[in-house]
Amino acid sequence: MKTISTSELRSKTGSLVRALENGKPVGLTHRGHRLASIFPVRRTNTISANDPLYRFHRHANAKARPLSDREMDRIIYGG
């Protein structure tokens, strides 16, 4: 873990931000003592609007018969 002091934090904020953007945690010290650990926010997996499973609900119909495995595969994988 990269460590910076509170005085360095003022002059090296850019490098701190870059480290966090790259997913690396940073330790913060004050007068030689460990003060804090700063961790990057975990990014959630976003679902693309083009993902077939995301659009699967469009094929639902309350009065229709259930889809077979073959029909579901065709919808998801094409063909």
Visitor: Does Ser37 have any side-chain hydrogen bond (donor to acceptor under 3.5 Å, both in side chains) partners at least two apart in sequence or in another chain, and if so, which?
Guide: Arg34
Visitor: What residues join Phe39 in its hydrophobic cluster, counting side-chain heavy atom gaps under 4.5 Å, either direct or through other members?
Guide: Met1
Visitor: Would you compute the distance between atom CD1 of Ile4 and atom CD1 of Ile38 and round it to the nearest 0.5 angstrom?
Guide: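 Those atoms lie 6.5 Å apart.
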Visitor: Keeping to residues at least two apart or across chains, list the salt bridge (charged side-chain N to carboxylate O under 4.0 Å, His left out) pairs with something in residues 2-15.
Guide: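 The answer is Glu8-Lys12.
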Visitor: Can you list the residues that meet the side-chain hydrogen bond (donor to acceptor under 3.5 Å, both in side chains) rule with Thr6, with sequence neighbours excluded?
Guide: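 Expected list: His30.
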Visitor: Holding to side-chain hydrogen bond (donor to acceptor under 3.5 Å, both in side chains), I want the full list of residues that pass it with Ser7, two or more places apart in sequence or in another chain.
Guide: Ser5
Visitor: Please tabulate, one pair per line, all N/O donor-acceptor pairs under 3.5 Å involving side-chain atoms of residues 18-28, not counting sequence neighbours.
Guide:
from: Arg18; atom 1: NH1; to: Gly14; atom 2: O; distance (Å): 3.3
from: Asn22; atom 1: ND2; to: Arg18; atom 2: O; distance (Å): 3.1

Visitor: For Ser11, check side-chain hydrogen bond (donor to acceptor under 3.5 Å, both in side chains) against everything at least two apart and list the hits.
Guide: none
